Undergrad: 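Got a structure for you, questions after.
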Protein chains: 2
Amino acid sequence: MSAITKSNNLSIGALSEESGVKIETIRYYERIGIMPAPARRASGHRIYGREQAKRLSFIRRCRELGFSLEEIRTLLSLVDGGEQTCMGVHAIVHTHAASVKEKIRDLQRLASTLDAMAAKCAQGEVPYCPVIEDLFDGANNPSN
Amino acid sequence: MSAITKSNNLSIGALSEESGVKIETIRYYERIGIMPAPARRASGHRIYGREQAKRLSFIRRCRELGFSLEEIRTLLSLVDGGEQTCMGVHAIVHTHAASVKEKIRDLQRLASTLDAMAAKCAQGEVPYCPVIEDLFDGANNPSN
DNA sequence: ATAGTTTCTGTAGTGGCTACAGATTCAAGA
DNA sequence: TCTTGAATCTGTAGCCACTACAGAAACTAT
């Protein structure tokens, strides 16, 4: 909205605030080569332009979607190299979506096991707990 | 089942095999104090007994349920201190279950966003991708 | 001039392992 | 007994994606 915050010469602090990415993280991204080294003032302070601000926001959105920095690197290299196709992007998105869904299934299994445990456990204030017993004696092991 | 594998003097390798926890991880658990330092042979090789084997299996099961080592440490200190109550255990299990469920919700939101992205993307083999556009131009930002 | 904020570089810590390197020790066969 | 190969030992460094410092320099405002 405000024209001021969309200035063309951003300090790292301004960029941080605008993008929601912490200063240290921005420098980290530069160090690992996922953000390009920006121009510098005579003093050595970094200055960023619109281009870089967009790139950083792209990275942040991808991170929020759970993409790894390696995946993001690949995505960005497609863009940078101009070899970007829907096919390539789709493959990455699809693979990532599949792994997210797998993780959901894992966690759902976990959650129901934990609920079952908690249900057993809630009953008493006695100094012996069936949950601990189960975990110690191998509740998941049919041979016991 | 076999009496042999349930021997009383386990080498670290035997313990590893029995518990399904890698040798390096067992040593790591010892280093961080979640497993007690075992007896040693004259040569310095570690020897474990039933007690420790049970403890390690307990830890492994807890890890499979997604408990952090800190949570496990707390659980174990309740057991070790004899202060174990259903209440205390229940609190830990319940808190953990809640955070698992929260993570599930997060991931479900992610998954549907990713699906929506993939759906847009699957269409063409052209060198411009709507997904990349969205991510670059701030699809989630209503002010754009 | 001075105070307070921002930025700079470099390094180390987080969790939960995992992977080495290089030295010893063990177990089994000839 | 000797030898070979497997197991174990210690210690350190790497993984991911940051985060948190320390100490110095440079900005901004009064």
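Worth saying up front: this structure is predicted, and the values here are computed from it rather than measured. The figures here come from the full heavy-atom set of this structure, side chains too, leaving out hydrogens, waters and symmetry mates. All chains are named by letter (A, B, ...) in the order of the sequence lines, taking the proteins before the strands, and each is independently numbered beginning at 1.
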Undergrad: With sugar-phosphate meaning primed atoms plus P, OP1 and OP2, does B:Ile23 contact a base, only sugar-phosphate, or nothing at under 4.0 Å between heavy atoms?
TA: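 Sugar-phosphate contact only - B:Ile23 comes under 4.0 Å of backbone atoms but never of a base.
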Undergrad: When all nucleic acid strands are considered with a 4.0 Å heavy-atom cut-off, which category describes B:Tyr29: base, sugar-phosphate, or nothing?
TA: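 Counting heavy atoms under 4.0 Å across all strands, the contact made by B:Tyr29 is with sugar-phosphate only.
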Undergrad: State whether A:Ser11 places a side-chain N or O below 4.0 Å from either non-bridging phosphate oxygen (OP1 or OP2) of C:dT7.
TA: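 Answer is yes, contact under 4.0 Å.
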Undergrad: Please report the shortest heavy-atom distance between A:Ser16 and A:Val21, naming the atom on each side.
TA: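 Residues A:Ser16 and A:Val21, closest heavy atoms: OG-O, 2.7 Å.
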Undergrad: Under 4.0 Å: is that the gap between some side-chain N or O of B:Arg46 and OP1 or OP2 of D:dC9?
TA: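 The answer is yes; a side-chain N or O of B:Arg46 sits under 4.0 Å from OP1 or OP2.
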Undergrad: Round to the nearest Å and state the distance from B:Glu64 atom CD to C:dC17 atom C1'.
TA: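 Answer to the nearest Å: 15 Å.
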Undergrad: Does this structure show an ion pair linking A:Arg31 with A:Glu24, if we count only N-O contacts that are shorter than 4.0 Å?
TA: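 Between A:Glu24 and A:Arg31 there is no salt bridge, as every charged N stays at least 4.0 Å from the carboxylate O atoms.
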Undergrad: Please tell me which of A:Arg63 and B:Ile12 maps to the more 5' nucleotide of DNA chain D, matching each residue to the nucleotide holding its nearest heavy atom.
TA: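 Nearest-nucleotide comparison on DNA chain D picks B:Ile12.
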Undergrad: Got a salt bridge between A:Arg55 and A:Asp80, using NZ or NE/NH1/NH2 to carboxylate O under 4.0 Å?
TA: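 A:Asp80 and A:Arg55: salt-bridged.
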Undergrad: Rounding to a whole Å, what distance do you find between A:Tyr28:OH and D:dA20:P?
TA: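 In whole Å, D:dA20 P lies 15 Å from A:Tyr28 OH.
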Undergrad: Figure out the CZ/P separation between A:Arg41 and D:dA25, and round it to whole Å.
TA: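 Between P of D:dA25 and CZ of A:Arg41: 18 Å.
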Undergrad: Salt bridge check, B:Arg105 against B:Glu102: does any charged N sit closer than 4.0 Å to a carboxylate O?
TA: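 Between B:Arg105 and B:Glu102 there is no salt bridge, as every charged N stays at least 4.0 Å from the carboxylate O atoms.
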Undergrad: Round to a whole Å and report the spacing from CD1 of B:Ile47 to P of C:dT25.
TA: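 The distance from CD1 of B:Ile47 to P of C:dT25 comes to 15 Å, rounded to the nearest Å.
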Undergrad: Once you round it to whole Å, what is the distance between C1' of C:dG16 and CZ of B:Arg73?
TA: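 Going from CZ in B:Arg73 over to C1' in C:dG16 covers 12 Å.
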Undergrad: Can you tell me how far P of D:dA17 sits from CE of A:Met35, to the nearest Å?
TA: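 In whole Å, D:dA17 P lies 17 Å from A:Met35 CE.
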Undergrad: Which of the following nucleotides, C:dC17, C:dC8, D:dA20, is nearest to the side chain of B:Thr25?
TA: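 The answer is C:dC17, which lies nearest to the side chain.
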Undergrad: Can you tell which of D:dA26, D:dC9, C:dT18 lies closest to the side chain of B:His45?
TA: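 Closest nucleotide to the B:His45 side chain: D:dC9.
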Undergrad: Expressed as a whole number of angstroms, how long is the span from A:Phe67:CZ to D:dA17:P?
TA: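 Nearest whole value for this atom pair: 13 Å.
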Undergrad: May I ask you to say what A:Arg27 touches in the nucleic acid, namely base, sugar-phosphate or nothing, with a heavy-atom cut-off under 4.0 Å?
TA: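 Base, at least one base atom sits under 4.0 Å.
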Undergrad: So does A:Asp106 pair up with A:Arg109, basic N to acidic O under 4.0 Å?
TA: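 Between A:Arg109 and A:Asp106 there is a salt bridge, with a charged N closer than 4.0 Å to a carboxylate O.
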Undergrad: DNA chain D: B:Ala14 or B:Glu24, which has the more 5' nearest nucleotide?
TA: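 Final value for this comparison: B:Ala14.
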Undergrad: Rounded to the nearest angstrom, tell me the gap between atom CZ in A:Arg31 and atom C1' in C:dT11.
TA: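 After rounding, the reported distance stands at 9 Å.
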Undergrad: Output yes when at least one side-chain N/O atom of B:Arg40 is less than 4.0 Å from OP1 or OP2 of D:dT10, else no.
TA: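 So the side-chain polar atoms of B:Arg40 do come within 4.0 Å of the phosphate oxygens OP1 or OP2 of D:dT10, strictly under.
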Undergrad: From the set D:dT19, C:dC17, D:dC27, return the single nucleotide nearest to any side-chain atom of B:Leu69.
TA: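 Minimum distance to the B:Leu69 side chain belongs to C:dC17.
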